[in-house]
Amino acid sequence: MAYDDQNIFARILRGELPAIKVYEDDHVLAFMDIMPQADGHTLVIPKTPAETLLDLPADVAAYTIQIVQKVAQAIEKALDAKGIVLMQLSGAAAGQTVPHVHFHLIPSSIHELGRHAAQMGDQEKIAGFAEKIKAAL
Ligand code: 5GP
């Protein structure tokens, strides 16, 4: 399917919508999930326009996963996470709701995750987690 450049994450990348950012470079952005499935739920996205992991050029995927690891290490340190769920949904059939490829980092257990994209989080509390993660990067 053609990439929809009006999707929410494309708009965040263009600065048209706000996001609580924790990391940014020329190729990747990491920011807090607005409806977290656990405290500290963070998203990492390549800036390359691609809908799913399957559409992403391999070199971009390889670079992005390095940043996923870097942010995961910061989450572990900042929030004393005992475990981190790395989740990537490719395709609406898998439950993907935003059609720009992204990696979820959720400091929690697969057995304790909150419902997916179900409830707005407390944005002040989320910003507090973001500050801690940024400080650990
Ligand atoms: P997906 O279902 O595509 O794997 O995940 C999309 C994620 O984006 C969900 O976890 C959802 O909570 C999050 N999300 C949806 N809209 C926004 C938004 O406007 N800002 C942020 N920061 N996250 C969003």
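None of these values were measured; they are calculated from a predicted model. Atoms within a ligand are numbered from 1 in the order they appear, just like the ligands themselves.
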**OP:** Would you check whether Gln96 has a nitrogen or oxygen atom less than 3.5 angstrom from a nitrogen or oxygen atom of ligand 1?
**Re:** no
Original post:
Which is it for His41 and Phe129 under the ring-ring contact (aromatic ring centres under 6.0 Å, His included) test, yes or no, and what are the steps along the way?
Top reply: CA-CA 9 Å; His41 185 164; Phe129 293 127; over 10 Å; no
Subject >> Selected option - heavy-atom contact closest to atom 19 (O) of ligand 1, from Thr97, Ile106, Ile8 >> reply: Ile8
Original post:
With only distance considered, is His104 within less than 3.5 Å of ligand 1 through an N or O on each side?
Top reply: yes
Subject >> Where ligand 1 meets Gly95 - atom numbers and elements under 4.0 angstrom, heavy-atom basis >> reply: 2 (O)
Original post:
Rounded to the nearest 0.5 Å, how far does CG of Leu56 lie from CD of Glu51?
Top reply: 12.0 Å
**OP:** May I ask you to identify, for Phe9, whether its side chain, its backbone, both or neither come under 4.0 Å of ligand 1 on a heavy-atom basis?
**Re:** side chain
Original post:
How far is atom 15 (C) of ligand 1 from its nearest protein heavy atom, and which residue and atom name does that atom have?
Top reply: Met35 CE, 3.8 Å
Subject >> Test log, rule side chain to side chain donor-acceptor pair (under 3.5 Å), inputs Asp25 and Tyr23 >> reply: CA-CA 7 Å; Asp25 65 25; Tyr23 174 88; 2.6 Å; yes
Original post:
Any donor-acceptor pair under 3.5 Å linking the side chain of Gln88 with the backbone of His102?
Top reply: yes
Subject >> Leu137 side, atom CG; Lys70 side, atom NZ - distance, nearest 0.5 Å >> reply: 6.0 Å
**OP:** Please could you name the atoms of ligand 1 that Ala117 approaches to less than 4.0 Å, counting only its heavy atoms?
**Re:** 9 (C), 11 (C), 12 (O)
Original post:
With a cut-off of 6.0 Å (strictly less than), are more than 12 heavy atoms of other residues, nucleotides or ligands near CD of Gln119?
Top reply: no
**OP:** Say whether Gln88 and ligand 1 are in contact under the criterion: heavy-atom distance to a ligand atom below 4.0 Å.
**Re:** no
**OP:** For atom 10 (O) of ligand 1, find the nearest protein heavy atom and state the residue, atom name and distance (0.1 Å precision).
**Re:** Asp33 OD2, 2.5 Å
Original post:
For ligand 1, which atoms, with element, lie under 4.0 Å from some heavy atom of Val98?
Top reply: 3 (O), 6 (C)
Original post:
Tell me, which protein residue and heavy-atom name are nearest atom 20 (N) of ligand 1, and how many Å apart are they?
Top reply: Ile34 CB, 3.7 Å
Original post:
ligand 1 and His102, any nitrogen or oxygen pair closer than 3.5 angstrom?
Top reply: yes
Original post:
Looking at CG of Asp39 and CE of Met32, how far apart are the two atoms once the value is rounded to the nearest 0.5 Å?
Top reply: 8.5 Å
**OP:** Ignoring hydrogens, just give me the one of His116, Lys21, Arg11 whose non-hydrogen atom is nearest atom 2 (O) of ligand 1.
**Re:** His116
**OP:** Of all the heavy-atom pairs spanning Ile133 and Ala74, show the shortest one and how long it is.
**Re:** O-CB, 3.8 Å
Subject >> More than 12 heavy atoms from other groups under 6.0 Å of CD on Glu16 >> reply: yes
**OP:** Would you mind telling me if ligand 1 is within reach of the side chain of Met32, the backbone, both or neither, using heavy atoms under 4.0 Å?
**Re:** backbone
